[in-house]
Amino acid sequence: MSEETKSLNFIEQIIEEDLKSGKYTEIVTRFPPEPNGYLHIGHAKSIVLNFGLSQKYGGTTNLRFDDTNPIVEDIEYVESIMNDIHWLGYDWGGKEHYASDYFDQLYEFAQKLIKKGLAYVDDSTIEEIKEMRGTPTKPGIESPYRNRSVEENLDLFERMKNGEFEDGSKVLRAKIDMASPNMHLRDPIMYRIKNAFHHRTEDKWKIYPMYDFAHGQSDAIEQITHSICTLEFETHRPLYNWFIDKLEIFPSRQIEFARLNLNYTIMSKRKLLQLVEEEIVEGWNDPRMPTISGMRRRGYTPEAIRNFCNRIGVAKRENIVDVALLEFSVREHLNKIALRRMVVTEPVKLIITNYPDGQTEWFDIDNNPEDENAGTRKVPFSKEVYIEKSDFMIDPPKKFFRLGPGRSVRLKNAYKVTCDDYKLDDEGNVKEIYCTYHPNSKSGQPDTSGIKVKSTIHWVNVADAVPIQIRLYDRLFNDEAPDGHKDKDFMHFINHDSLKILDGYGEVNMKDATMEDKFQFLRMGYFTMDFESTADELVFNRTVTLKDAWAKSRGKK
RNA sequence: UGUCCCAUAGUGUAACGGUAGCACUACAGUUUUUGGUACUGUCUGUCGAGGUUCAAAUCCUCGUGGGACAACCA
């Protein structure tokens with residue numbers, strides 16, 4: 001709430017001016033997805049922007065499905081989209097809108113333009129229209145059908161609607177300027193004939209409006225004050241305004257901002273679909289996908305995604321945001337809410353030779369040192385525990401703080417132990433580690449052992465260890481800009497080691513985990529329970545690693 | 001040989017004619033029973049050339065670089 005933190009993006013500035021000048025007393029924004037695919041993190045930016053604006057300034061945000069192309073759209077997508085938006089924490093007042101709700105109104109708008117002599121039916125083929133349009137540097141030429149009479153146009157247009165003509169045989173065009181330097185003003189197509197089944201209007205319509213003759217008009221009908229879209233629609237704006245002007249409808253204002261790009265990530269719906277179809281990933285909700293559903297399954301929280309979207313800002317310049325910022329945003333949130341648990345991902349058995357056979361101690365351990373309200377849990381400890389394979393080295397370098405022959409370490413919340421010996425299996429891997437423990441180093445009590453340790457490691461009691469499948473996800477692409485190469489396809493940069501599955505053990509409390517619970521597996525990262533978990537084996541997805549100075553310094557060598 | 005948009009540390013984003021700041025990253029250090037967290041510090045920036053002005057990241061001109069536009073897609 002402090003004054004000095006007030007720094008507005010350019011859209012907020014526009015809105016504040018409109019509010020201050022009295023142009024509007026409250027604002028109406030909209031989020032207008034086409035129901036032809038799943039939402040991804042790029043959509044999240046738009047959602048957070050639009051809903052955030054109406055929350056901040058007072059007003060509403062409509063959810064409107066831009067369903068003007070029945071060929072590619074489906075009810076399945078409208079449901080997933082609504083689900084994702086709700087999960088992100090936004091609500092659209094219970095009633096979603098559809099461009100298809102306005103088809104009758106749009107038809108009347110078109111008739112109005114025809115009557116004004118500003119629209120005409122064109123019988124040219126798709127190729128002819130393309131040919132006559134010219135190029136950005138060469139003016140187009142006018143269609144021979146351009147000067148039909150109002151009566152003829154009205155009649156033809158009605159017959160188009162009635163289904164008298166074949167797909168592609170006619171279109172309705174706005175009569176503007178075939179020589180305009182803006183291609184979108186060269187008599188843009190308003191309606192095309194499609195004998196297709198629409199998921200909502202079913203067989204009612206044989207003609208469907210194009211984006212340019214549906215979007216702005218829908219905005220006007222809903223009295224959207226600020227219609228926020230991405231940069232590629234910039235050149236559509238003159239047409240958007242032309243229709244408002246000629247139709248004399250509510251003057252929504254289109255404002256464009258730069259879409260989100262993330263390094264090591266692709267955002268194109270088409271390419272994401274390819275990953276799904278070629279089974280590079282398991283589906284739209286694969287935890288490696290940048291889709292909302294994928295990130296949810298990966299363990300991201302709505303808060304983290306919202307914070308990320310607010311942090312990246314809104315501007316008009318092209319940008320490529322570092323995924324590190326996304327990862328920071330989840331860690332930041334998960335650090336505060338995730339319960340700590342001890343889970344060993346690559347188990348090696350550690351046997352405490354001087355610990356009494358058959359004895360078990362139960363320690364009270366904090367669920368989350370960052371949150372005193374998180375309470376404690378009881379964790380058993382006895383003679384045999386599992387520790388992480390990577391926490392022991394036969395011949396450790398001097399910067400290695402963990403266990404090795406003759407070295408000591410603290411078992412988290414338990415005792416300090418000193419390694420006396422180890423045993424290898426047939427392949428030369430460490431199979432068992434033998435230690436003595438120091439009873440007077442018991443956690444929570446004055447430590448009189450005199451033993452110095454350089455690190456504390458996590459462990460899991462063997463007797464009641466819970467088998468856990470651990471899915472470690474890495475980035476899907478090895479290249480920072482997988483779709484930014486002219487000579488190489490993005491598929492060339494697929495990281496084929498993006499999923500590693502391990503079978504580990506969790507402390508006894510892991511039995512109580514339920515779907516989508518968030519944990520920090522101590523020293524390993526943040527994890528969430530996957531819906532593929534069964535009674536026999538719990539499955540956990542790694543959302544993100546902890547920052548790991550040790551791993552990083554090793555990686556450099 | 002078009003029209004439109006854009007240009008600030010490595011990345012993202014502020015500064016609206018008056019001290020170039022914030023976050024992330026990277027690197028150092030302090031604390032730590034997580035090599036986590038927290039905290040401290042360091043490195044690094046106004047695309048170029050002119051002009052206007054007491055004063056320019058900001059306004060103007062010209063360059064340079066990047067992007068969008070030629071679906072009966074959105």
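Residue numbering restarts at 1 for every chain, and letters A, B, ... go by the order of the sequence lines.
Side-chain N/O atoms of A:Arg311 and base N/O atoms of B:U13 include no donor-acceptor pair closer than 3.5 Å. In terms of polar N and O atoms assigned as donor or acceptor, the side chain of A:Arg523 never comes within less than 3.5 Å of the base of B:U34 in a complementary pairing. You won't find any donor-acceptor pair under 3.5 Å spanning the side chain of A:Thr456 and the base of B:U34, going by distance alone.
By the rule that a glycosidic angle within 90° of 0 means syn, B:A71 counts as syn.
A:Tyr145 and A:Tyr120 have their aromatic ring centers separated by at least 6.0 angstrom.
Defined by atom type and a distance below 3.5 Å, a donor-acceptor pair is present between the side-chain atoms of A:Ser100 and A:Asp67. For A:Tyr240 and A:Gln254, the side-chain atoms include no donor-acceptor pair closer than 3.5 Å. Judged purely by distance below 3.5 Å, without hydrogens or angles, the side chains of A:Asp122 and A:Ser143 pair a donor atom with an acceptor atom. Side chains of A:His333 and A:Thr301: a donor on one and an acceptor on the other come within 3.5 Å. In the model, A:Thr418 has a side-chain atom that pairs as donor or acceptor with a side-chain atom of A:Ser408 under 3.5 Å. No side-chain N or O of A:Arg259 forms a donor-acceptor pair with one of A:His43 less than 3.5 Å apart. A donor-acceptor contact closer than 3.5 angstrom links the side chains of A:Asp219 and A:Ser227.
At least one test fails for A:Arg341 against the ring of A:Phe521: distance under 6.0 Å to the centre or angle within 45° of the axis. Cation-pi contact between A:Arg402 and A:Phe392: absent, since separation from the ring centre below 6.0 Å together with deviation from the ring axis within 45° is not met. Judged by the 6.0 Å distance and 45° axis criteria, A:Lys378 is not positioned over the aromatic ring of A:Phe363.
Distance check on atom C1': B:C69 versus B:C27 gives 44 Å, rounded to whole Å. Taking atom C1' in both B:A23 and B:U8, one finds a spacing of 15 Å when rounded to whole Å. A distance of about 11 Å separates the P atoms of B:C6 and B:C59, rounded to the whole Å. Taking atom C1' on both nucleotides, B:G51 is separated from B:A74 by 45 Å, rounded to a whole Å. For the P atoms, the distance linking B:G65 with B:C47 amounts to 16 Å, nearest Å. The same atom, C1', is picked in B:U33 and in B:U37; the two are 14 Å apart, to the nearest Å. Atom name C1', nucleotides B:C5 and B:C73: the rounded distance is 22 Å, in whole Å. Rounded to a whole angstrom, the distance from the C1' atom of B:U52 to that of B:U58 is 13 Å.
A salt bridge links A:Arg237 to A:Glu256: at least one charged side-chain nitrogen sits closer than 4.0 Å to a carboxylate oxygen.
Among the heavy atoms of the strands lying under 4.0 Å from A:Phe401 is at least one base atom, whether or not backbone atoms are also near. Within 4.0 Å (heavy atoms only), A:Gln520 reaches at least one base atom of the nucleic acid. Nucleic acid contact class of A:Gly444 (heavy atoms, under 4.0 Å, all strands): base. Residue contacts shown for A:Ile71 are absent, as no nucleic acid heavy atom lies under 4.0 Å away.
Taking side-chain N and O atoms only, A:Arg340 has no distance below 4.0 Å to OP1 or OP2 of B:G36. Remark: A:Arg317 is in phosphate contact with B:U8, judged by side-chain N or O atoms under 4.0 Å from OP1 or OP2. Of the side-chain N and O atoms in A:Lys552, one or more sit less than 4.0 angstrom from OP1 or OP2 of B:A26.
Here the side chain of A:Val321 is nearest to one of B:U33, B:U8, B:G12, namely B:G12. Here the side chain of A:Leu325 is nearest to one of B:G36, B:A14, B:A23, namely B:A23.
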Could you encode protein contacts along nucleotides 69-74 of chain B as a string, one character per nucleotide from 5' to 3', using B for base contact, S for sugar-phosphate-only contact and - for no contact, with a heavy-atom cut-off of under 4.0 Å? SBSBSB
Between protein and nucleotides 63-67 of chain B, what N or O pairs are separated by less than 3.5 Å?
{"from": "B:G67", "atom 1": "O2'", "to": "A:Glu318", "atom 2": "OE2", "distance (Å)": "2.9"}

Please walk me through it: do A:Tyr211 and A:Glu34 pass side chain to side chain donor-acceptor pair (under 3.5 Å)? CA-CA 10 Å; A:Tyr211 166 86; A:Glu34 182 185 21; over 6 Å; no
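Nearer the 5' end of RNA chain B, as judged by each residue's closest nucleotide, is the contact made by A:Ser443, out of A:Ser443 and A:Lys547.
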Let me have RNA chain B in dot-bracket notation, would you? Count Watson-Crick plus G-U wobble pairs, both distances under 3.5 Å, and use [ ] for pairs crossing earlier ones and | for inter-strand partners. .((((((..((((....[..)))).(((((.......)))))....(((((..]....))))))))))).....
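Following rounding to the nearest Å, A:Phe328 (CZ) and B:G10 (P) show an atom-to-atom distance of 21 Å.
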